[in-house]
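Inspection log for the structure reproduced underneath, given as structure tokens.
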There are 4 protein chains.
Amino acid sequence: MKNTAILLIDCPDRKGIVAAVGEFLYRHDANILHADQHQDAERSLFLMRVEWDRKDFALEPGEFTRKFAPLAERFAMRWRLEISSLPHRIALFVSKFDHCLVDLLYRQQSGELPCEIPLIVSNHPAAERWADFYKVPFHVVPVEGDNKVAAERKQLELLHEHQIDLVVLARYMQVLSKDFVARYPRRIINVHHSFLPAFMGAKPYHRAFERGVKLIGATSHYVTEDLDEGPIIEQEVVRVSHRDGLEDLLQKGRDLEKMVLSRAVRWHIDHRILAYAHKTVVFD
Amino acid sequence: MKNTAILLIDCPDRKGIVAAVGEFLYRHDANILHADQHQDAERSLFLMRVEWDRKDFALEPGEFTRKFAPLAERFAMRWRLEISSLPHRIALFVSKFDHCLVDLLYRQQSGELPCEIPLIVSNHPAAERWADFYKVPFHVVPVEGDNKVAAERKQLELLHEHQIDLVVLARYMQVLSKDFVARYPRRIINVHHSFLPAFMGAKPYHRAFERGVKLIGATSHYVTEDLDEGPIIEQEVVRVSHRDGLEDLLQKGRDLEKMVLSRAVRWHIDHRILAYAHKTVVFD
Amino acid sequence: MKNTAILLIDCPDRKGIVAAVGEFLYRHDANILHADQHQDAERSLFLMRVEWDRKDFALEPGEFTRKFAPLAERFAMRWRLEISSLPHRIALFVSKFDHCLVDLLYRQQSGELPCEIPLIVSNHPAAERWADFYKVPFHVVPVEGDNKVAAERKQLELLHEHQIDLVVLARYMQVLSKDFVARYPRRIINVHHSFLPAFMGAKPYHRAFERGVKLIGATSHYVTEDLDEGPIIEQEVVRVSHRDGLEDLLQKGRDLEKMVLSRAVRWHIDHRILAYAHKTVVFD
Amino acid sequence: MKNTAILLIDCPDRKGIVAAVGEFLYRHDANILHADQHQDAERSLFLMRVEWDRKDFALEPGEFTRKFAPLAERFAMRWRLEISSLPHRIALFVSKFDHCLVDLLYRQQSGELPCEIPLIVSNHPAAERWADFYKVPFHVVPVEGDNKVAAERKQLELLHEHQIDLVVLARYMQVLSKDFVARYPRRIINVHHSFLPAFMGAKPYHRAFERGVKLIGATSHYVTEDLDEGPIIEQEVVRVSHRDGLEDLLQKGRDLEKMVLSRAVRWHIDHRILAYAHKTVVFD
């Protein structure tokens with residue numbers, strides 16, 4: 001596993017930021033591997049991601065925080081430092097459709113997603129065999145009738161207990177409460193099975209089929225309190241024609257969903273995403 | 001120019017249609033070049049397109065109509081016969097953005113679009129130099145304030161005078177009245193600069209930029225009385241990122257618009273499109 | 001499982017084929033669900049696929065063969081009749097990279113690929129855990145040094161024993177002998193990890209990376225005696241940039257490989273592919 | 001027209017480059033608009049593009065060169081400074097197919113390509129009407145039999161006379177000599193009508209049609225002395241099927257050619273491309 005540090009910054013755009021950050025890192029012997037920045041001209045915002053090798057780097061995270069603070073204050077930065085060797089701990093939430101779950105588990109185990117998956121939560125027992133195969137603790141938390149508050153309380157306990165820092169809704173078909181979402185800001189990723197903002201809400205493939213669109217899509221996004229309105233991370237489409245029935249749309253869509261969700265998770269755990277306003281910057 | 005006949009059929013689906021049509025054409029010596037059909041299982045509809053060489057074909061259009069009528073009646077067919085050597089006469093409507101207009105004129109002249117373009121109508125004088133270059137009659141019909149009824153009357157006169165059978169709205173930014181649309185059912189093609197049904201209505205690129213989508217699109221469709229709700233003919237998308245400003249979206253979008261509009265026109269003049277319900281079948 | 005019959009025809013193109021086939025099927029009460037045809041103008045070939053419901057159909061396969069023979073002879077047809085309720089029996093061959101294997105097993109089990117997979121053959125033991133999970137007989141047949149003849153004999157025995165009618169090379173890295181290939185004409189499907197004919201042969205991603213291409217691809221094709229020269233069934237590409245290292249190409253490529261191989265298998269088992277000359281017609 | 005300066009750097013990768021460049025620009029009051037960098041890990045290369053507003057910037061180009069030299073020397077940089085307000089002067093070379101020529105002229109005139117086009121050279125007279133319409137000097141330089149040396153001498157004179165700094169081969173079907181190419185290193189852009197390295201050389205669409213590929217492509221690249229081997233700038237593909245005849249491939253291909261060539265020209269004149277080894281970095 002690589003041993004890098006990643007610094008993510010957003011602040012008002014003004015002169016001298018690049019010079020100051022570059023000088024700071026150079027002074028403490030950082031060997032920069034990647035650096036990328038973006039100016040949002042409309043909002044006069046400066047956004048930056050720098051990744052460096054920790055091998056020769058002089059500062060431990062605590063020290064970094066202390067020494068970087070004055071510079072950060074000078075430019076009114078919001079910032080965070082991430083350490084690649086501390087892998088994300090991810091909980092997968094799933095309902096009946098398990099293709100995204102199975103896809104993510106395989107990618108994690110084959111080394112494509114450098115993270116830990118210590119928890120699967122479902123409102124159905126069906127996914128248990130996958131949890132067993134991959135040796136991941138599995139919890140059924142039914143969500144029915146009026147037990148939603150209790151169910152979410154149980155889910156939050158599980159997240160806390162397993163020290164989860166990212167929740168991935170892998171075709172989890174229950175709507176999370178505002179309260180739940182507020183606990184994990186920018187740390188819940190969902191896949192919606194349409195090309196947002198087209199076909200928000202329920203049964204998007206059915207509505208796409210009815211409308212006679214010539215391409216269908218899927219979208220991964222951070223979950224905010226407004227359903228299907230969170231910052232979009234990734235989208236993908238595939239061509240369909242009159243020859244495609246509803247079943248074909250569902251089948252083609254599953255491949256899209258796996259792609260956009262797995263990319264979003266990869267970028268999140270690589271600390272490549274900066275979400276601001278209703279948008280994301282994905283430093284690729 | 002090729003000399004073929006195209007038969008387009010839709011009717012309730014039942015046994016024996018293919019056999020009956022095949023036998024009829026064979027009996028009159030048709031050399032079939034293409035045949036394609038589609039069953040809409042939900043609506044129990046049968047749709048068919050057959051194209052044959054007229055060289056050895058025994059029947060003139062009038063004769064065909066008379067002899068085919070009993071068969072058509074037996075299967076309750078809606079049908080039409082098209083003759084490829086009678087090219088479409090197309091009117092191009094344009095406002096200020098002329099990229100689609102210029103693209104269509106070039107494609108027509110280079111032989112890619114086998115049709116005639118005897119009329120360009122605009123609410124601005126800017127496109128006149130293109131009309132001059134391509135030697136196409138050009139008419140400015142301003143649409144301002146409360147003169148819309150008069151303007152449309154003038155436009156309809158021009159269409160009638162030039163024997164137009166297809167109106168192509170090549171980024172024409174005025175909304176046509178229901179009355180106008182009703183005169184040219186399934187014979188007005190529009191390009192909308194978004195991936196419908198996302199961003200219906202005005203300023204779609206601006207809204208796509210605001211929303212932070214990762215792909216933008218364009219859509220060509222038949223115009224019906226509900227704006228942006230007509231049967232979709234073609235859609236295309238292109239990837240965008242946070243690096244793309246609004247200007248980049250506009251620029252990338254122009255290429256999409258040219259593609260989806262020119263494909264729609266090509267398929268229409270090749271008699272490849274059957275529109276039904278809110279959808280199209282494009283026999284490719 | 002649906003109960004349909006599929007007739008696949010290729011023959012010299014001449015008048016009356018559609019009428020004759022249509023009449024034959026109608027006479028025996030076929031309810032046609034799909035019909036598609038293609039004329040290869042260069043080779044004067046006619047190719048057709050018809051699928052009908054067997055529910056009311058009067059003829060059993062043996063009877064069909066007897067009664068269809070005169071018509072087939074009249075038009076010099078090569079033809080075959082397939083029965084959808086007799087599922088394909090597929091053997092998966094795999095080496096170390098198991099992403100295509102895992103993908104196909106999941107798709108089969110979830111109902112997306114209506115076929116049976118009674119055999120997995122590998123030259124490595126690594127895939128056994130998947131075979132166990134999916135309860136598929138698994139055989140390690142090492143191919144090393146000079147035992148290739150013996151290894152293929154063993155493989156052919158396994159194919160025979162399990163009554164296999166389609167071999168899928170799911171990233172199987174050994175070259176099959178001409179003799180082996182000749183036993184399963186048009187019944188071995190391979191995935192090549194490049195956009196053929198670019199980067200034929202070994203290490204295509206490495207060479208794509210070296211060449212600095214801006215898109216990478218994958219190709220599924222029937223195996224013929226000329227390596228990477230068989231009829232192409234499906235191809236797909238994805239965009240790459242200078243930011244993508246070799247590892248990124250490999251990772252993006254895996255998703256392409258899964259897509260093109262699974263589509264090829266689906267179309268093969270749906271009897272949608274007619275291979276002729278060095279090409280395929282995929283009736284979609 | 002915007003008034004920015006662009007600094008392009010490549011040098012051996014080592015610590016402190018970003019800090020040094022950032023500090024230098026900050027000291028002279030540059031307001032950085034875009035900065036992007038890339039590390040080629042294999043070759044231990046560092047590549048960078050910085051663009052800043054010249055409004056408050058303290059240094060004129062000559063002064064910049066003098067003051068930047070020590071820093072450049074310290075890091076063994078190859079570098080160049082470009083001034084956006086000094087537009088490229090482009091010569092378009094064309095043969096009979098004029099779709100790329102027409103496309104580029106339109107994009108230039110509509111403001112999409114901020115450059116000057118003071119020269120069109122062709123070995124055929126056909127394109128003259130476009131030159132007239134766009135008021136661009138047009139020269140026919142026939143290339144026949146053994147006059148190639150003389151023809152190239154004439155072309156070079158024209159380039160010199162019109163102070164051309166970029167030659168765009170817009171479907172120019174003559175092969176340039178090594179000598180000619182050596183005069184304009186990384187300053188000749190060609191479009192090849194295939195997805196390189198597939199179908200290098202002549203008649204790529206014919207060969208793609210013969211091979212039965214399922215996608216066709218086009219490639220824009222810098223011209224080097226090895227034909228079709230120069231650094232690739234952009235590639236694009238489009239899906240084809242058995243229904244597409246050779247004519248359809250040619251038609252679909254034209255749209256690809258226009259896209260990849262116009263993008264390459266745009267990126268070149270925006271100074272976004274760094275070519276090294278056989279590759280390009282396109283800073284987007």
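Numbers restart at 1 for each chain; the letters A, B, ... are given by sequence-line order, proteins then strands.
- Taking the six-membered ring for Trp, D:Tyr222 and D:His268 have ring centres closer than 6.0 Å.
- Under the 6.0 Å cut-off for aromatic ring centres, A:His88 and A:His271 qualify, their centroids lying closer than that.
- Interface check for chain D: of the options A:Ala35, A:Ala41, A:Ala30, the most heavy-atom pairs under 4.5 Å are formed by A:Ala35.
- Contacts with chain D were tallied for A:Leu33, A:Val18, A:Ile17; A:Leu33 has the most, counting heavy-atom pairs under 4.5 Å.
- Within the 4.5 angstrom heavy-atom criterion, no atom of A:Leu25 approaches chain D.
- Looking only at heavy-atom pairs under 4.5 Å with chain A, the residue among D:Asp13, D:Ile32, D:Val21 that has the most is D:Ile32.
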* Going through the distances and angles, do D:His221 and D:Asn190 end up as a side-chain hydrogen bond (donor to acceptor under 3.5 Å, both in side chains)? -> CA-CA 6 Å; D:His221 62 94; D:Asn190 184 40; 3.3 Å; yes
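- For the pair D:Lys279 (side chain) and D:Leu274 (backbone), a donor-acceptor distance under 3.5 Å is absent.
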